There are 2 protein chains.
Amino acid sequence: MEEWQPPIANIAVDLVVLTVRQDRLQLLVIERGIDPYQGALALPGGFVQEDEDLPDAARRELHEETQISAASLHLEQLRTYAKPGRDPRGRIVSVAYLALAPNLPTPVGDTDAARAYWMPVHELAGRRLAFDHADIIRDGLERARSKLEYTTLATTFCPELFTLSELRRVYEVVWGVRLDARNFQRKVLSTEGFVVPTGEIRRGEAGRPARLYRRGPAGSLHPPMTAEH
Amino acid sequence: MEEWQPPIANIAVDLVVLTVRQDRLQLLVIERGIDPYQGALALPGGFVQEDEDLPDAARRELHEETQISAASLHLEQLRTYAKPGRDPRGRIVSVAYLALAPNLPTPVGDTDAARAYWMPVHELAGRRLAFDHADIIRDGLERARSKLEYTTLATTFCPELFTLSELRRVYEVVWGVRLDARNFQRKVLSTEGFVVPTGEIRRGEAGRPARLYRRGPAGSLHPPMTAEH
DNA sequence: GAAATAGTGTCTCTAAGACAGTATGCT
DNA sequence: AGCATACTGTCTTAGAGACACTATTTC
């Protein structure tokens, strides 16, 4: 009797890379130059190699497709998508990753197969998206929004040195709300290890110079940051 | 030139099935009867079939291995494990699911290949676990514990009708803490849609009879349930 | 000096946490 | 009668949310 063999599949990673640019939450998208879904928007990603771990594959694909280095960038597994038929090329199981990045330069990944650029998330509505990437983006946005509540991840959207106004803008842009500056400062500064003051001052722009902070060692927020009603 | 083909893998699902029995948090484990890891403890699970979606595979494997029906049971995707070498049989990517169940009968899945039973999670320490299942269990427990905070998932550990004491026991057992009964009742009853009173009373046991409740329509808890310090 | 942004203090109200005694069934 | 469990109310304290003015720079 023949020994039974389990079905086979290809493994891919897809990345939801978010950043805050120009006071808007932006997503890194690929405009597909080849079929399937030629001309549609897609997430950066690709197949996992033999003997390659998933986070390594995510970092490699991001760099290959957009020249963005995953060095100073938060990367976490989001969810796995495996519905039969989600990719017309066959059974492809995609492990999605969520990456949060400080304001990065416009990607230069401009190959024959794909063009990469940042797009404000509110401009995605109505655009044609490849595969089930609309679902993945929705899940990624939801994860990012909820993680800002109970973790210090908002600082990963900021450069190494940042002002409290910049940090507040992150919350306002990601959540689409306005926050009271006084309550926000009180909350952030009273949370042990959220940010650490550097003593430095940012000058050169209009208005009173702002104190610069660096991200602190704390990872979770007790109690959480909340959007006012 | 040959066309490049992406590497192939097998897809599996593994289940972290938790329940509260005998005032203890218990995990559904399989004692493996065959290699690899013969004799070690493992999670129920198996390979995903062709054209099968992941939740369907999870439900099917659970039923095949333990005769437990996944009808009234919360099932959610936990995380995907794909590190090369995690399974000596080859490249196997496992999508783990977390299931929470009310007190279920002892599983009867007792085949030549595996024996299934409930085990209190605190007895897992020091036991030999197959593959990377120790990691999966750790992640599943962490997810379950944190979800009790900000969702109404605790009710999925309870039968259809339950008392507030039973619900409180769920929190106490999963979190390993003691909760003040008065503060707990105030919190639960003041959260719109957490539980709905049925008007029925449970009698027949020692002590004053308790009111019976049913799970309410609310899914998330604002503000969250917290363990007292 | 006008415009722009940073920074600060107080009050109110909600909800968490601590705490003890009464009610109602069972044996 | 005694035991076991269910149920209830108040005080204190922490933190959210609302709110207006002063400080310091650039142009």
Side-chain angles (χ1 to χ4, degrees), chain A residues 22-23 148-150 154 158 161-173 175 177-214 218 220-229, chain B residues 23 148-150 152 154 158 161-173 175 177-214 218 220-229:
Chain A
Q22 300 157 172
D23 279 351
L148 289 205
E149 285 181 46
Y150 57 93
C158 295
L161 298 181
F162 54 88
T163 68
L164 290 187
S165 297
E166 288 176 319
L167 184 61
R168 179 162 46 83
R169 283 307 286 160
V170 169
Y171 279 95
E172 292 181 329
V173 163
W175 283 349
V177 298
R178 286 190 65 88
L179 297 181
D180 182 272
R182 290 162 293 186
N183 293 338
F184 182 82
Q185 296 221 0
R186 168 159 49 86
K187 172 73 179 174
V188 171
L189 295 179
S190 71
T191 300
E192 189 72 24
F194 193 171
V195 298
V196 303
T198 64
E200 296 177 73
I201 296 272
R202 167 167 308 165
R203 34 193 2 129
E205 291 161 46
R208 176 173 171 176
R211 293 203 254 258
L212 287 171
Y213 297 83
R214 194 185 299 277
S220 58
L221 254 33
H222 293 297
M225 182 75 62
T226 57
E228 297 149 30
H229 308 281
Chain B
D23 280 350
L148 288 206
E149 284 182 47
Y150 57 92
T152 60
C158 296
L161 298 182
F162 54 87
T163 68
L164 290 187
S165 297
E166 289 176 319
L167 185 61
R168 180 163 43 85
R169 283 306 287 163
V170 169
Y171 279 94
E172 293 181 330
V173 162
W175 283 349
V177 298
R178 287 189 65 86
L179 297 181
D180 182 273
R182 290 163 292 188
N183 293 339
F184 182 82
Q185 296 221 359
R186 166 158 51 86
K187 171 75 179 175
V188 171
L189 295 179
S190 70
T191 300
E192 189 72 24
F194 194 170
V195 298
V196 302
T198 64
E200 294 177 74
I201 296 271
R202 168 167 307 165
R203 32 190 5 125
E205 292 162 44
R208 176 173 171 178
R211 293 201 253 259
L212 287 170
Y213 296 83
R214 193 185 301 276
S220 58
L221 254 34
H222 295 297
M225 182 76 61
T226 57
E228 296 148 28
H229 309 280

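Treat the numbers as computed from the prediction; the structure is a model and nothing was measured. Letters A, B, ... mirror the listed sequences (proteins, then strands); counts begin at 1.
- The separation between E172(B) atom CD and dT5(D) atom C1' is 14 Å, rounded to whole Å.
- Comparing dG17(D), dG17(C), dC7(D) by their nearest atom to the side chain of N183(A) picks out dG17(D).
- Under 4.0 angstrom from either OP1 or OP2 of dA16(C) there lies at least one side-chain N or O belonging to K187(B).
- Mapping P223(B) and D180(A) onto DNA chain C by nearest heavy atom places D180(A) at the nucleotide closer to the 5' end.
- Across dT10(C), dT24(C), dA23(D), the shortest atom-to-atom separation from the side chain of R208(A) is found for dA23(D).
- Remark: the backbone N or O of L148(B) is paired with a side-chain donor or acceptor of Y171(B) at under 3.5 angstrom.
- Side-chain proximity of A206(B) to the nucleotides dA4(D), dA16(D), dA6(D) is greatest for dA4(D).
- Look at CZ on R169(B): it is 13 Å from C1' on dT5(D), rounded to the nearest Å.
- Contact check on R169(A) versus E172(A) returns a salt bridge, with a Lys/Arg side-chain nitrogen under 4.0 Å from an Asp/Glu carboxylate oxygen.
- If you take CD of Q185(A) and P of dC19(D), they are 19 Å apart, rounded to a whole angstrom.
- Put simply, CD on E205(A) is 23 Å from P on dA23(D), counting in whole angstrom units.
- Protein atom CZ of F184(B) is 12 Å distant from nucleotide atom P of dA6(D), rounded to whole Å.
- Comparing G207(A) and A181(A) against DNA chain C, the residue whose closest nucleotide sits nearer the 5' end is G207(A).
- Backbone-only engagement by R203(B) is indicated by non-hydrogen atom pairs under 4.0 Å involving sugar-phosphate atoms exclusively.
- Distances were taken from every side-chain heavy atom of R211(A) (C-beta onward) to each of dT24(D), dT8(D), dG7(C); the shortest belongs to dG7(C).
- Atom CZ of R186(B) and atom C1' of dT12(D) are 12 Å apart (whole Å).
- Comparing dG17(C), dG17(D), dA20(C) by their closest approach to the side chain of T226(B) singles out dG17(C).
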Which is it for F194(A) and K187(A) under the side chain to side chain contact (heavy atoms under 4.5 Å, CB included) test, yes or no, and what are the steps along the way?
-> CA-CA 10 Å; F194(A) 193 171; K187(A) 172 73 179 174; over 6 Å; no

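- Using a 4.0 Å cut-off, no side-chain N or O of S165(A) falls inside it from OP1 or OP2 of dT5(C).
- Comparing dG17(C), dA20(D), dT8(D) against the side chain of R182(A) picks out dA20(D) as the nearest.
- The distance from atom CZ of R202(A) to atom P of dA23(D) is 24 Å, rounded to the nearest whole Å.
- Ranked by how close their nearest DNA chain D nucleotide is to the 5' end, A210(B) and S190(A) are led by A210(B).
- A donor-acceptor pair under 3.5 Å is formed between the side chain of E166(B) and the backbone N or O of T163(B).
- Distance check: S165(A) OG to Q185(A) CD gives 6.5 Å after rounding to the nearest 0.5 Å.
- Rounded to whole Å, atom P of dA15(C) lies 20 Å from atom NE2 of H222(A).
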